[in-house]
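Working notes, structure below.
So you know, we letter chains A, B, ... as the sequences are listed, proteins then strands, and number each from 1. Since the model is a prediction, treat every value here as computed from it, not as a measurement.
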Amino acid sequence: MNMKYNPREIEEKWQERWEEEQIFKVTENPHKKKYYLLEMFPYPSGKIHIGHVRNYTIGDVVVRYKRMRGYNVLHPMGWDAFGMPAENAAIEHGIHPARWTYENIASMRKQLKRMGFSYDWDREISTCEPEYYRWEQLFFLWMYGKGLAYKKSSTVNWCPRCRTVLANEQVEAGLCWRCGTGVEEQYLDQWFFRITAYIEELLDYCDRLPGWPEKVLTMQRNWIGKSYGCEISFPLAGATGEIKVFTTRQDTIYGATFMLVAAEHPLVMKLVKGKPRENEVREFVEKVKKQDRVLMTSEYYEKEGIFLDTYCLNPLTNKKIPIYAANFILADYGTGCVMAVPAHDQRDFEFARKYSLPLKVVIQRLDKPLNTGTMTDAYVDEGILINSGPFDGMENMKALEAIAEYLESRGLGKKTVQYRLRDWGISRQRYWGAPIPIIICKVCGTVPVPEFDLPVVLPHDVALTGEGGSPLAGHRQFAEVICPCCGAPAARETDTMDTFVESSWYFDRFCSPHHAFEPGLDKKKTDYWMPVDQYIGGIEHAILHLLYARFYTKMLRDFGVLSVDEPFTNLLTQGMVCKETMRCSEHGYLFPDEAKDGKCCHCQREVTIGKTEKMSKSLKNVVDPDYLIGEYGADTTRMFCLFAAPPEKDLEWSDQGVEGSFRFLNRTWRIVMDYLDDIRGVAPFNGGEALEDNLKNLRRKTHQTIRKVAADIEERFHFNTAISAVMELVNTLYQVERPEREDLKALSVIRETIETIIMLLAPIVPHITEELWMLLGYKTSLTDVPWPTYDSTVASEEEITIVIQVNGKVRGRITVPADEDAENVKSLAVSNEKISRLIAGKKVLREVYVPKKLVNIVIQEQGK
RNA sequence: GCCUGGGUGGCGGAAUUGGUAGACGCAAGGGACUUAAAAUCCCUCGCUCCUUUGAGAGUGUGCGGGUUCGAUUCCCGCCCCAGGCACCA
């Protein structure tokens with residue numbers, strides 16, 4: 001037998017066969033344990049990139065492994081098909097977003113199939129289809145009915161030249177990415193989902209998701225940002241009224257020497273009304289409003305403020321303190337006003353130094369007293385209260401409670417709980433999204449579209465120019481309707497929904513993807529499949545998508561549609577695949593193949609190498625896997641993506657080393673071919689007879705490898721070490737001396753090893769292993785062969801190496817039987833030739849023995 | 001700036017619970033095979049030092065400290081990189 005490994009031929013053959021035999025089609029089966037594995041579905045940007053390949057390969061390995069373990073596995077794929085890039089393509093190239101999207105889907109579907117992923121393609125969904133988003137519109141109506149969807153005024157990025165709303169991504173350094181005009185803030189009435197109605201449950205369950213990475217839960221807890229503190233009223237000086245602040249540091253209230261109000265806060269203009277500074281303050285407020293939100297969070301952002309010619313009174317000291325408007329106070333957190341305690345808060349400290357405002361120390365540190373004249377930073381740690389009236393001498397942590405109660409008892413404040421999480425703004429002034437099913441009638445007000453009129457279908461014929469506001473607003477047939485209540489002419493809501501809404505329930509829809517009856521989810525099926533047992537996706541989604549999906553699940557549960565509290569039992573967050581960005585001053589961001597020798601291939605200008613960032617189409621730093629698949633095949637591409645790093649780690653992309661994966665598959669292929677004729681008629685060794693050393697060692701390695709690979713896949717998804725282990729086994733097999741053709745016992749051990757290698761690799765490289773399996777004489781697909789089991793007696797080592805250290809430094813090694821007792825090991829260590837020389841004449845202070853690992857002999861060192 | 005992670009040879013990484021640092025692979029160098037090349041197979045490979053060239057000594061996991069018989073692993077401080085920061089998805 002002398003066949004060469006031909007990946008293209010093998011892969012196409014098996015992909016066809018899997019499809020013909022519908023191997024991956026799945027239905028509910030009450031007699032089997034279900035396993036629902038889901039990878040985050042892609043936005044159809046045009047081509048899959050290495051980040052997708054990595055994500056979907058990880059999922060596919062686990063799916064194929066679980067199948068071999070006997071689970072009834074659901075593994076669907078679909079398209080997060082609404083979104084901005086389609087609209088941008090329409091504006092730039094005149095392609096209709098729908099056409100652009102469907103063409104992209106077609107080519108990406110082809111690429112995914114070429115990778116050999118085991119999806120049940122009958123369940124494919126695209127969120128831009130009315131059959132999908134009609135249910136989302138229904139859920140919106142239910143939410144509206146319950147007050148979970150509501151409208152309020154909030155700000156957007158506004159380009160005054162294009163007269164359009166910009167996404168944060170479309171704002172570059174405070175300027176519109178298309179025309180370079182300075183971006184402004186504008187208020188619009190927009191739709192919100194009341195995620196805060198579920199805030200306590202969302203927080204509570206952060207402690208009840210043991211299958212989630214702790215870092216993701218920590219990020220979500222911090223995002224929700226529950227904090228306990230006080231709302232305190234500061235009366236205005238010389239006027240009626242008061243300013244309410246929220247603080248978690250009421251222990252420092254005696255040190256509050258000025259007041260800060262968010263520049264955008266309506267209170268600012270109210271306070272300076274009619275005062276000489278009114279115009280100056282208005283200019284400041286306008287300037288802050290224009291400051292880009294991204295800029296606001298950047299490093300070169302300078303803290304600025306302006307005095308409002310107004311004072312209020314510190315309610316406990318009754319001292320007059322000045323009120324400033326500032327650009328770093330958040331208008332929509334707490335009350336939008338902050339009592340500034342410059343001695344004990346770093347931001348306040350910097351502000352006070354800039355505007356020469358007084359510092360007052362109210363918490364004294366224990367080691368050396370603070371001096372307001374010489375302090376270079378705020379003191380934010382614990383200490384004893386001073387300058388704090390009746391609370392002097394109290395520990396500040398105790399004063400938190402005491403001062404809160406004191407304020408409460410005198411009616412000056414109350415203990416409150418504050419959250420950082422805001423309600424979810426879902427309005428988008430864009431075309432390519434799910435329409436919001438609402439009608440605005442001059443007579444009846446806000447009127448929900450009647451359920452029997454759903455779906456509100458997105459019209460096809462719109463003009464997309466990137467200018468002049470929401471494209472749907474200009475579509476008369478769509479926007480002009482008859483009010484369902486009074487029959488008068490009315491206007492349709494022309495905002496569309498945030499695409500995060502579609503991705504908040506697609507996993508439910510996958511359970512019954514074609515269910516055409518209300519509410520679009522077949523309860524019997526969602527009850528069988530949900531929750532998702534394993535969800536896999538990029539760490540980038542740790543907060544927004546995952547929090548929204550959790551909220552939406554709870555809400556659908558309360559509407560009786562779902563029976564689960566949480567959508568994802570186990571979560572694996574893969575690290576980002578990163579690559580450097582490249583920019584040309586004329587052509588903007590460049591794809592990797594648009595640059596040659598540091599020059600832009602369009603204009604020969606010098607290319608600027610930017611930061612290394614996660615691959616994304618907008619930065620064009622994407623690597624298309626096609627060249628890898630073409631050169632080496634899907635199996636090599638899959639294996640290399642897994643071998644490069646463990647899944648949770650970020651990866652700076654380089655295809656250096658892909659040859660190694662290809663070589664390994666060739667090496668595996670060759671050794672099976674080499675033995676094929678000799679082992680074809682031989683059954684794998686079953687342990688009946690005693691084995692001589694070399695075969696015994698091979699068999700031990702085989703069983704150890706089964707143990708290691710299963711543990712690596714099941715317990716920690718570390719496919720790189722699983723692959724290493726199989727590589728070692730293949731290396732070991734190469735080392736074994738070729739047995740005679742008549743030595744059936746030896747050949748049966750070889751066959752056991754070869755079958756094991758094939759089965760262990762099956763989830764990782766499914767095509768080559770199917771082919772080899774068939775060549776070994778099997779008729780059924782490897783996809784449903786049971787995962788091999790190991791014999792722990794066979795796998796256990798008879799001899800182990802013990803390291804001998806002297807004062808913590810490795811000085812020798814001894815080999816002992818695995819069950820050697822402690823005393824023997826210690827005396828063997830001490831009597832070892834080299835060790836005895838090293839410790840001769842020295843006093844042994846201590847002997848540490850770590851069973852099966854090492855002996856550390858601690859001796860008195862010279863001169864001590 | 002704030003929140004969350006990460007940093008180990010020339011490179012990707014391994015060391016799973018505080019116990020042999022560098023598994024496995026890439027690159028590099030050497031050898032075998034070949035008319036030749038490719039492929040394949042074998043060997044070497046953290047760094048420094050040497051008048052014991054060795055089963056040698058020292059040093060080494062971003063930097064500086066600490067705890068411990070023993071630290072890549074735990075603690076404190078710092079530097080750098082990545083993800084998120086609510087309209088990219």
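Within the nucleic acid shown, A:Gln429 comes within 4.0 Å of at least one base atom, counting heavy atoms only. A:Phe664 comes within 4.0 angstrom of no nucleic acid atom, judged by non-hydrogen atoms across all strands. A:Val658 comes within contact range of no nucleotide atom at all, as no heavy-atom separation falls under 4.0 Å. Within 4.0 Å (heavy atoms only), A:His541 reaches at least one base atom of the nucleic acid. Residue contacts for A:Pro646: at a heavy-atom cut-off of 4.0 Å it reaches the sugar-phosphate backbone alone, with no base atom in range. Residue contacts for A:Asn720: at a heavy-atom cut-off of 4.0 Å it reaches the sugar-phosphate backbone alone, with no base atom in range. Residue contacts shown for A:Asn666 are absent, as no nucleic acid heavy atom lies under 4.0 Å away. Contacts of A:Thr721 with the nucleic acid, taken as non-hydrogen atoms under 4.0 Å apart, involve only primed sugar atoms and P, OP1 or OP2. If you check every strand for non-hydrogen atoms under 4.0 Å, A:Gln190 touches a base. Residue A:Lys852 is classed as having no contact, given no heavy-atom separation below 4.0 Å to the nucleic acid. Among the atoms of the strands shown, none is found under 4.0 Å from any heavy atom of A:Arg347. Nucleic acid contact class of A:Thr218 (heavy atoms, under 4.0 Å, all strands): sugar-phosphate only. The residue A:Gly575 sits apart from the nucleic acid: no heavy atom pair falls under 4.0 Å. Using a 4.0 Å heavy-atom cutoff across all strands shown, A:Ile857 reaches no nucleic acid atom at all.
Looking only at distances, no side-chain donor or acceptor of A:Thr636 sits under 3.5 Å from a matching main-chain atom of A:Ser661.
Checking each of A:Leu760, A:Ile764, A:Leu761, A:Ile723 against A:Val709 for a side-chain contact (heavy atoms from CB on, under 4.5 Å) leaves exactly one that passes, namely A:Leu760.
Secondary-structure annotation of RNA chain B gives the stems B:1-7 with B:79-85, B:10-12 with B:24-26, B:28-32 with B:40-44, B:46-49 with B:56-59, B:62-66 with B:74-78, with a stem taken as at least 3 successive Watson-Crick or G-U pairs whose two distances both fall under 3.5 Å.
A syn orientation is assigned to B:G9, its glycosidic angle lying within 90° of 0.
Taking the nucleotide of RNA chain B with the nearest heavy atom to each of A:Ser427 and A:Lys215, the more 5' of the two is matched to A:Lys215. Judged by closest nucleotide on RNA chain B, A:Lys834 is the one of A:Thr612 and A:Lys834 placed further toward the 5' end.
Nucleotide B:G6 holds its P atom 19 Å from the NZ atom of A:Lys614, rounded to whole Å. A:Leu854 places its CG atom 8 Å from the C1' atom of B:G70, with the value rounded to the nearest Å. Whole-Å rounding puts the A:Met639 CE to B:G12 C1' distance at 13 Å. Rounded to an integer number of Å, the gap from A:Asn88 CG to B:C88 P is 11 Å. Atom NZ of A:Lys611 is separated from atom P of B:G83 by 6 Å (rounded to the nearest Å). What separates CD1 of A:Ile195 from P of B:A86 is a distance of 15 Å, to the nearest Å. Protein atom CG of A:Leu619 is 14 Å distant from nucleotide atom P of B:A89, rounded to whole Å. A:Arg663 places its CZ atom 12 Å from the P atom of B:C42, with the value rounded to the nearest Å.
Put simply, CG on A:Asn55 and NE2 on A:His52 are 8.0 Å apart, with the number rounded to the nearest 0.5 Å.
Taking the ring axis of A:Tyr675 as reference, the NZ or CZ atom of A:Arg738 stays within 45° of it and closer than 6.0 Å to the ring centre. Cation-pi geometry between A:Arg347 and A:Phe328 is not met at under 6.0 angstrom from the ring centre and within 45 degrees of the axis.
Comparing the C1' positions of B:C33 and B:C42 gives a spacing of 11 Å, expressed to the nearest Å. Spacing between B:G54 and B:C49 at atom C1', rounded to whole Å, works out to 13 Å. Taking atom P on both nucleotides, B:A27 is separated from B:A38 by 13 Å, rounded to a whole Å. Straight-line distance between the C1' atoms of B:G22 and B:U61: roughly 9 Å, to the nearest whole Å.
Between A:Tyr133 and A:Phe82, the distance separating the two ring centers is shorter than 6.0 angstrom. Close placement of the A:Phe640 and A:Trp653 rings is indicated, their centers lying within 6.0 Å of each other.
Ring planes of A:Tyr5 and A:Trp669: tilted class, angle from 30 to 60°. Ring geometry for A:Trp424 against A:Phe193 counts as perpendicular: the plane angle is over 60°, on a 0 to 90° scale with 30° as the lower cut.
For the 3.5 Å distance criterion, the side chains of A:Trp79 and A:Thr101 fail to qualify, holding no donor opposite an acceptor.
Closest contact between the side chain of A:Val858 and the listed nucleotides B:U20, B:G7, B:C69 involves B:C69. Nearest to the side-chain atoms of A:Leu651 among the listed nucleotides B:G13, B:U20, B:G84 stands B:G13.
The base of B:U20 has none of its N or O atoms less than 3.5 Å from a complementary donor or acceptor on the side chain of A:Lys809. The base of B:C87 has none of its N or O atoms less than 3.5 Å from a complementary donor or acceptor on the side chain of A:Asn168. For A:Gln346 against B:C2, no side-chain N or O and base N or O form a donor-acceptor pair under 3.5 Å.
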